[in-house]
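Below you'll find the structure, written out as structure tokens, and then a few comments.
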Amino acid sequence: MNSFDHAILGFFNQFAQHSWTIDSLIMTISDSDLLKGYLSLPLLWWAWFRGPRQEEDRQTVLLTIVGALSAVAVARLLQLTLPYRPRPIHTAGLQFTIPYSMPADFLEGWSSFPSDHASLFFALATGLWLVSPVIGLFGFLHAALLVSFPRVYVGLHFPTDILSGALLGVTAVVIIWKSRGLVRPLLDDILKWSHSSPHLFYPALFILTSEVAHLFKDSRWLAENLWHLVKAAHH
């Protein structure tokens, strides 16, 4: 482990198991979709409906969603293809003090680098910044304090996992936003669909943003179970 990770992780870990209430509170925040995704979800919808630059803001929201999806996909791909990096709670010899209420085997076998949570929420914050710097600042603070910090404290990520994920999320949205001219016809078609068939468009957007809000937990669970069923049927 590098000195940066060692210093930051060691500083926060010294407070673990000093208070069952504090440890449990941070664990609850870390595991709460309501405090993570469902604080970002209303901001995306606010950006969609606010005026007066409604069409431009809506294009930015769509580009942000694409950027966030891309960032999460790349983060997961890197987790699967890069050399395995165990999480702090599973790192032998680290002498990490596991906070109260944190299951010792949680996410065991899942590589921690980079953080897909940081990729997603920093990507969303970047898109919100492009719509409104004030709301974007709130998004960055949310991504750092309510999403990322608890995952470091409970031992699910090293600080460099978070920083790499954050960089990935910001970069993905910035690249896609700067390349928006290439996909403008597609954006125009989507916006036309939102005007011509709102009864179809808004349920679809609601489902998509809901899945984004909790990192596609339900979709991934469904896909994994279907994959196991297909393999079982094949054998």
Side-chain angles (χ1 to χ4, degrees), residues 36-82 113-144 147-148 161-216 219-220 223:
K36 291 185 296 185
Y38 288 100
L39 280 182
S40 297
L41 182 61
L43 298 180
L44 281 179
W45 283 92
W46 169 84
W48 182 270
F49 284 107
R50 81 156 200 159
R53 303 180 306 162
Q54 196 168 81
E55 291 299 299
E56 182 180 342
D57 288 344
R58 290 183 176 187
Q59 289 184 4
T60 301
V61 169
L62 293 174
L63 292 169
T64 298
I65 293 174
V66 173
L69 294 177
S70 302
V72 172
V74 171
R76 288 293 297 139
L77 180 63
L78 292 174
Q79 288 175 359
L80 295 172
T81 56
L82 290 177
F113 183 87
S115 168
D116 50 7
H117 276 76
S119 298
L120 172 63
F121 288 100
F122 277 93
L124 295 178
T126 303
L128 292 170
W129 177 278
L130 294 172
V131 174
S132 167
V134 173
I135 299 301
L137 178 59
F138 175 83
F140 281 118
L141 290 174
H142 170 258
V147 176
S148 300
D161 299 336
I162 299 297
L163 292 176
S164 60
L167 179 62
L168 176 59
V170 172
T171 301
V173 172
V174 169
I175 289 175
I176 289 176
W177 187 77
K178 285 185 174 294
S179 305
R180 61 192 181 281
L182 300 176
V183 294
R184 189 172 297 278
L186 178 60
L187 294 175
D188 291 339
D189 288 341
I190 295 175
L191 292 177
K192 288 178 182 177
W193 180 40
S194 72
H195 295 308
S196 63
S197 302
H199 59 294
L200 298 176
F201 174 81
Y202 283 105
L205 184 62
F206 174 76
I207 292 173
L208 177 61
T209 54
S210 295
E211 284 296 288
V212 169
H214 55 81
L215 211 70
F216 296 91
S219 298
R220 289 190 293 174

Donor-acceptor pair, side chain of Ser197 and main chain of Leu200, under 3.5 angstrom: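 It does not hold such a pair.
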
Donor-acceptor contact present, side-chain His142 to main-chain Lys36, <3.5 Å: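 Here the side-chain-to-backbone pair exists.
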
Report all side-chain donor-acceptor pairs from residues 128-138 shorter than 3.5 Å, counting only partners two or more places apart or in another chain.
residue, atom, partner, partner atom, Å
Ser132, OG, Ile135, N, 3.4

Residue pair Ser210 / Tyr38: nearest heavy atoms and the distance that separates them: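 So the two residues come closest at O-OH, 3.7 Å.
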
Distance-minimising heavy-atom pair for Gln54 and Phe49: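 The pair with the smallest heavy-atom distance is NE2-O, 3.1 Å.
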
Distance in Å, [X] [atom1] paired with [Y] [atom2], rounded so as to fall on 0.5 Å steps:
| X | Y | atom1 | atom2 | result |
| --- | --- | --- | --- | --- |
| Leu120 | Ser40 | CG | OG | 7.5 Å |
| Leu44 | Trp46 | CG | CH2 | 10.5 Å |
| Thr60 | Arg53 | OG1 | CZ | 7.5 Å |

Aromatic ring pairing Trp48/Tyr202, orientation class (parallel under 30°, perpendicular over 60°, tilted between):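 Perpendicular, since the angle between the ring planes exceeds 60°.
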
Steps toward side chain to side chain contact (heavy atoms under 4.5 Å, CB included) verdict (Ile176, Val183): CA-CA 9 Å; Ile176 289 176; Val183 294; 5.9 Å; no

Exceeds 12 heavy-atom contacts within 6.0 angstrom, atom CZ of Phe206: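 Not buried by this count: 12 neighbours or fewer within 6.0 Å.
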
With sequence neighbours excluded, residues passing ring pair (Phe, Tyr, Trp, His ring centres under 6.0 Å) with Trp193: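 Listed in chain order: Phe201.
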
Phe140/Thr126 under side chain to side chain contact (heavy atoms under 4.5 Å, CB included): CA gap, chis, key distance, verdict: CA-CA 8 Å; Phe140 281 118; Thr126 303; 3.7 Å; yes

Residues in salt bridge (charged side-chain N to carboxylate O under 4.0 Å, His left out) contact with Glu211, at least two apart in sequence or another chain: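 Once residues adjacent in sequence are excluded, Glu211 has no partner under the salt bridge (charged side-chain N to carboxylate O under 4.0 Å, His left out) criterion.
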
Of all pairs that satisfy side-chain hydrogen bond (donor to acceptor under 3.5 Å, both in side chains), the ones with a partner from residues 62-76, not counting sequence neighbours: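 Every pair satisfying side-chain hydrogen bond (donor to acceptor under 3.5 Å, both in side chains) with a residue in residues 62-76: Arg76-Gln79.
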
side-chain hydrogen bond (donor to acceptor under 3.5 Å, both in side chains) partners of residues 172-186, not counting sequence neighbours, each pair once: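 For residues 172-186, and leaving out neighbouring residues, the side-chain hydrogen bond (donor to acceptor under 3.5 Å, both in side chains) pairs sorted by first residue read Gln59-Arg184.
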
Do [X] and [Y] have side-chain heavy atoms sitting under 4.5 Å apart?
| X | Y | result |
| --- | --- | --- |
| Leu124 | Val212 | yes |
| Ser148 | Phe122 | yes |
| Leu187 | Leu63 | yes |
| Leu191 | Leu62 | yes |

Hey, can you pull the donor-acceptor pairs under 3.5 Å for the side chains in residues 162-175, sequence neighbours left out?
residue, atom, partner, partner atom, Å
Ser164, OG, Thr160, O, 2.9
Ser164, OG, Asp161, O, 2.9
Thr171, OG1, Leu167, O, 2.7

